[in-house]
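Below you'll find the structure, written out as C-alpha cells, and then a few comments.
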Amino acid sequence: MVESLFAEQDFLEKNSGNNFADIILPVPIPRMFTYQIPPLLKPQIQIGQRVIVQFGKKKVLTGIVGKVHNKPPQAYEAKPILDILDDQPSVNPLQIRFWVWMAAYYFCHIGEVMFAALPSGLRLSSESKIQLNPNFDTETSKYPLDVREEKILEALEHKPELSYEDCEKILGVKTIHPILKSLVAKEAILIFEKVQEKYTPKVETRIRLTKEISESKSALEAVFEGVAGKPKQESILLKFLRDVPVFQKPKLNEKGVDKATLLEEGDSESSLKTLIKNGVFESFKHVVNRIDDEKAVREAYELSSSQATAFEEIKTHFESKQSVLLHGVTGSGKTEIYIKLIQEVMESGSQVLLLLPEIALTTQIVSRLKKVFGSQMGVYHSKYSDNERVEVWNGVLSGRFSFVVGVRSSIFLPFDSLGLLIVDEEHEPSYKQFDPAPRFHARDAATMLAYFHQARTLLGSATPSFESYFNATQGKYGYVEINHRFGDARMPEYHLADLSADRKKNLLKLDSTRMMREKIQAALDKQQQVLIFQNRRGYSPYIQCEDCGWTGQCVQCDVSLTYHQFAEEMRCHYCGYKEKVPQSCPACGSTQLTTMGMGTERIEECLSLLFPEARMGRMDLDTTRNKYGYQRLLDEFGAGQIDILVGTQMITKGLDFGKVTVVGIWDGDRILNFPDFRAGERAYQQITQVAGRAGRRDIKGQVVIQSRNPDNELFEKVIRGEYYEFFRQEMFDRKKFYYPPYVKLVKITTRHADFKVAEKAAHALHREMATIQAKKIVLGPEKGIIARIKNQYQYESMIKLDRGGNTLAIFKENLAKILEELQSRPEFRSVRWVVDVDPS
DNA sequence: CCCAGGTTCCTT
DNA sequence: AGGAACCTGGGT
C-alpha cells in the first residue's frame with residue numbers, strides 16, 4: 001500500500017552538521033536536487049521550509065527542503081541554497097511523506113505534486129528582466145547600435161524594466177536573446193532576475209481623529225467652527241462621530257473607521273483629504289483578513305433517532321476500522337451527523353477536513369457549517385484567489401483553522417494532526433483529477449492521508465461508488481446505512497415517459513412527452529418549482545447541413561463543434577476553439593442548416609415556448625463561469641424568482657429547496673449510453689441524485705424520465721431503490737470481464753502530432769510491456785475515443801492488473817524503465833506518454 | 001554569408 | 001517546464 005516511505009531519521013527537526021539538502025522543485029523531472037547548505041543557513045534549515053535556489057544557468061526557483069544529509073553528490077558540484085524563505089516550515093514532514101506517496105502511486109514526479117499542492121501564492125519563480133545600464137550613454141558609446149537595438153533602448157526610456165516577452169512584442173520577433181546578448185556586450189543594458197513574492201496581505205486604509213483633536217473637547221469644537229459653511233466636511237465629521245463617540249470610547253477612535261465605509265454615501269474624497277491636511281483626521285494602514293471572521297452560533301439540535309443510531313454506529317466502527325462508509329438516502333440528513341462528529345473530534349484537539357465536490361461548495365451546506373463553526377472553519381475553494389488560498393494555508397499552519405471544508409486540492413493543506421477526514425458525495429467522479437498530473441483521486445488520497453495521520457475516514461453518499469461499497473461488503477470498511485429521509489419525507493414517485501410511443505401517437509411537442517408537460521404544468525399551477533436535468537450544455541450538439549450532411553468540425557480535435565445559440569458560435573468542448581456559425585454550408589452552399597440534438601440552452605428555449613408564463617433559468621458551465629454566477633442563480637431560485645431551472649450535473653448538488661416538486665430527466669438514454677464499464681453505476685447514481693432533489697417533508701416529489709427504452713432494467717432498479725441488487729448484478733459482470741474493483745486499471749495514452757509516429761510508439765510500448773512479469777492483461781492500443789485533441793493524435797492502452805500483492809508496484813517500476821528507454825529512441829523523442837492510475 | 005526558426009539537451 | 005546552445009534551410 002505505502003509505496004515509498006522516508007526513513008524516520010530524515011525527519012529530524014533541526015539540522016546538525018549536515019552539509020547538503022535535497023530540494024523538491026516544481027519541475028517535471030523525476031528526482032529531487034541536491035544543493036549545498038551554506039554555513040550561515042545551516043543552524044536554521046528544516047525540512048519543509050521554502051528555499052530559493054538557482055536552477056539552470058540563471059533561473060531562480062522556490063523549492064521545498066525534502067531531505068537533509070551529508071552525502072556530497074558524486075557527479076557534480078552542488079550549488080548553494082541562496083536563501084531560506086520561512087522561519088517555520090510551510091510544509092510539514094507528514095505532507096512530504098504524502099507527496100512522495102502520491103508521486104509513486106499516481107506515477108508522476110514529486111515536483112508535479114508540489115506544483116499542485118502549493119498555492120501559487122507560495123511559489124515564486126524568477127523572471128529575467130532587462131534594464132538600462134546606468135553607465136551607458138548613447139553619445140559616448142564606442143559601439144554602433146542597429147535599428148532593433150535602438151528600439152529596445154527607446155522602450156527602456158519609458159519603462160524602467162522589460163521582460164523577454166515585452167521585448168518580443170516590441171520587435172515582433174521570437175528570438176530576441178541574441179539581440180539582448182549583443183546589447184549586454186555593448187554595455188547598454190543589464191539582465192537581472194526578478195523574484196516576486198506573490199502573496200500580498202490585504203490592507204485597508206482606516207481613518208481616525210488625530211491625537212490633538214481626540215483628547216480635547218475644545219479642539220473638536222474649534223474644528224466644528226472651522227467647518228461651518230462647509231457642508232461636505234461637516235457631514236463627514238458628523239458621520240464619523242456618530243460611529244465613534246470619541247470621548248466616551250477613545251479606544252474606538254484608535255481602531256479607526258474603514259475609509260471606504262466612511263465615504264460610502266457619496267461623500268467626496270477631497271473633503272476628507274482637506275480634513276486630513278488640516279490635522280483633524282489621520283489615515284493609517286491596517287492589515288485585514290480576507291476571510292471574514294464569523295461568530296459561531298451554537299445552535300442546539302437533536303439528531304433524529306435514525307441519525308443518532310448512525311452516529312453511534314460510526315463511532316463503534318471507528319474503534320476497529322480506519323474507514324467507514326455512510327450510505328444514507330438523499331435527504332437523510334448526513335450533514336447533522338458530520339457536524340456532531342466534527343465537534344467531537346475538534347474538542348479532542350484534532351483537526352478535521354471535510355471534502356466536498358466543487359459545485360456543492362457554493363451551496364447552503366457551507367453557510368450552514370459556518371454558522372456552527374464560525375471562525376474556526378476555513379473554506380478552500382477553487383474560485384478563491386491566490387491570496388485567499390494562501391490565507392487558508394497559513395490559517396491551517398498557525399492553528400487559526402482546525403477545521404477545513406474544501407475541494408479536492410484541500411488534501412494538500414498543511415495539517416499536522418488530522419483526526420477525521422470526511423469525503424461527502426464520495427462517489428462523485430469529479431474527485432478524480434484528469435489533467436494535469438498528479439492524476440489523483442481525492443477520496444483515495446484522503447484515505448492514505450488519514451493513514452499517515454492515524455486518523456479516521458468517513459465516506460458519505462446516497463449512492464456509494466462500487467469500489468467503496470465493495471470494500472464495505474468485504475469488511476474492509478465499516479458500513480452504516482440510513483434508510484429514512486429526515487423528518488420522514490417520502491421518497492419521490494417515478495414516471496417513465498416513453499419518447500417513441502409519444503412520437504408515434506404524435507404527442508411529442510418540442511421533444512417533450514405528454515407526461516413531462518403535464519407534470520410541469522401541475523407544478524406551475526401550484527406555484528411549485530421544477531428542475532430539468534440534461535447532461536449536455538450548449539444549444540445543441542451540432543449543426544448539420546440538410547442537403548449534404550456537413551457538420552462543423554474542430555480544426556484541432558476530431559470532434560464536431562457544439563452550437564451555442566446565445567453567442568451564435570460553434571465551440572469545441574475539448575480545446576475551447578470557437579468559430580462563427582456560417583451563413584451557408586461550407587461544403588455545398590446550401591442554406592438549409594439545422595440543429596441536431598439538445599443541450600441545456602435549447603431545452604430552456606423549448607420550455608419557454610411550451611410554458612410562456614413560467615420564469616426560466618439555466619445553470620451550466622456557461623452561466624456559472626464567473627465567481628458569483630452560480631450563487632446568483634441559487635439565490636434567485638431559492639427566492640422563488642425562477643419557476644423552471646434547466647441544468648447539467650450542477651443542479652444535482654446541494655439544491656435543497658422545499659418548493660421543488662418535479663424533476664425532469666430530459667434524455668434518460670443519454671445517461672445510459674456511456675462508453676465505459678462504469679456506465680451502469682454512473683447512470684444509477686445520476687438518476688438517483690437528480691431525483692433526490694424532488695419533494696421534501698410534506699410534498700411527495702415527482703420524477704419524470706424521458707426515454708426511448710423505458711423498459712431498461714436499470715430504470716426499474718433505480719425506481720425501486722434496489723441498490724444492492726443492482727450492485728450484485730454489476731459486480732458479476734465486473735468480475736467476469738476483469739474490471740475494478742476486481743482488478744487495478746492503468747491507462748496509458750500515447751500522444752504525438754504525427755499520427756503515424758503515435759501509432760508506432762503505442763505499438764512499441766505494447767511490445768515492451770509484454771515483457772513485464774506481472775499478472776496482467778494488456779488491451780489496445782486503440783485510437784482514442786477522440787482520435788485527436790489539440791492537434792495531438794492519441795492512442796490508448798488499458799492495463800488490467802491483479803489486485804493482489806505488489807503487482808501494481810512491480811508493473812509501475814518496469815513501466816518507468818520502459819518509458820525511459822522508449823523516450824531515448826530518437827524517433828520517439830517528442831512522443832508524450834501520459835499514465836493514469838485508477839482512471840475514471 | 002546571415003538570420004529566423006526549429007530541435008535537442010540539460011538542469012543539482 | 002524552460003532556457004540556451006546547436007542545427008538547418010532559405011534568402012541574399
Side-chain angles (χ1 to χ4, degrees), chain A residues 18-38 41 45 50-83 103 108-118 120 123-130 144 146-149 151-152 163-185 191-195 435-438 751-754 757 790-792 820-834:
Chain A
N18 287 318
N19 288 307
F20 299 95
D22 289 349
I23 308 297
I24 306 166
L25 293 172
V27 289
I29 303 167
R31 71 190 93 108
M32 298 193 205
F33 296 84
T34 307
Y35 284 83
Q36 174 225 322
I37 310 169
L41 298 179
I45 198 157
R50 292 181 301 150
V51 292
I52 300 182
V53 292
Q54 194 178 73
F55 187 69
K57 286 248 156 58
K58 42 193 271 200
K59 194 126 187 100
V60 179
L61 292 176
T62 313
I64 297 281
V65 180
K67 193 175 173 177
V68 175
H69 59 86
N70 210 2
K71 279 190 306 247
Q74 299 296 302
Y76 53 87
E77 178 91 7
K79 286 184 183 168
I81 290 171
L82 299 176
D83 203 1
C108 65
H109 312 309
I110 191 155
E112 291 172 312
V113 180
M114 173 189 167
F115 194 83
L118 283 189
S120 61
R123 293 189 311 251
L124 33 138
S125 71
S126 67
E127 196 184 5
S128 301
K129 302 262 185 181
I130 63 163
D146 72 20
V147 190
R148 287 178 308 189
E149 288 170 350
K151 259 195 181 166
I152 298 280
S163 67
Y164 273 43
E165 212 179 311
D166 292 334
C167 298
E168 281 170 18
K169 270 191 206 135
I170 290 162
L171 298 181
V173 287
K174 270 195 170 169
T175 43
I176 34 117
H177 194 249
I179 299 161
L180 297 181
K181 222 166 121 184
S182 135
L183 275 169
V184 171
I191 297 182
F192 66 103
E193 290 297 302
K194 188 168 185 178
V195 182
D435 209 39
R751 281 195 197 137
H752 194 268
D754 183 336
V757 178
K790 292 185 192 168
N791 272 336
Q792 297 273 310
E820 196 181 345
E821 190 271 320
L822 288 174
Q823 203 87 73
S824 72
R825 295 189 201 169
E827 50 180 334
F828 298 148
R829 198 142 304 162
S830 50
V831 173
R832 282 263 295 136
W833 273 287
V834 175

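Quick note on labels: first sequence line is chain A, next is B, and so on, each numbered from 1.
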Original post:
Which heavy atom of A:Ile23 sits nearest a heavy atom of A:Ile81, and at what distance?
Top reply: CD1-CD1, 4.1 Å

Original post:
How would you list, by chain and number, every residue that makes a ring-ring contact (aromatic ring centres under 6.0 Å, His included) with A:Phe55, sequence neighbours excluded?
Top reply: A:Phe33

Subject >> For atom CZ of A:Phe115 and atom P of C:dG2, their distance in whole Å >> reply: 8 Å

Original post:
Within this structure, what is the CG-to-P distance between A:Leu82 and B:dT11, rounded to whole angstrom?
Top reply: 18 Å

Subject >> Value in whole Å for how far the C1' atom of B:dC10 lies from CG of A:Leu61 >> reply: 14 Å

Subject >> Whole-Å gap separating P (B:dT12) and CD (A:Gln54) >> reply: 7 Å

Subject >> Whole angstrom value for the distance that separates P of B:dC10 from CD of A:Glu820 >> reply: 13 Å

**OP:** Determine the contact category for A:Leu25: base if any of its heavy atoms lies under 4.0 Å from a base atom, sugar-phosphate if only primed atoms, P, OP1 or OP2 are that close, otherwise nothing.
**Re:** nothing

**OP:** Rounded to the nearest angstrom, tell me the gap between atom CZ in A:Phe33 and atom C1' in C:dA1.
**Re:** 11 Å

**OP:** Determine the contact category for A:Tyr35: base if any of its heavy atoms lies under 4.0 Å from a base atom, sugar-phosphate if only primed atoms, P, OP1 or OP2 are that close, otherwise nothing.
**Re:** sugar-phosphate

**OP:** Round to a whole Å and report the spacing from NZ of A:Lys71 to C1' of B:dT12.
**Re:** 15 Å

**OP:** Let me see the working for A:Leu118 and A:Ile64 under side chain to side chain contact (heavy atoms under 4.5 Å, CB included), right down to the final yes or no.
**Re:** CA-CA 10 Å; A:Leu118 283 189; A:Ile64 297 281; 4.1 Å; yes

**OP:** Grab the CD-P distance between A:Gln823 and B:dT7 for me, whole Å please.
**Re:** 16 Å

**OP:** Check for a donor-acceptor pair, side chain of A:Gln36 on one end and backbone N or O of A:Asn19 on the other, with a separation under 3.5 Å.
**Re:** no

Original post:
Taking only side-chain nitrogens and oxygens of A:Arg829, does any of them come within less than 4.0 Å of OP1 or OP2 of B:dC9?
Top reply: yes

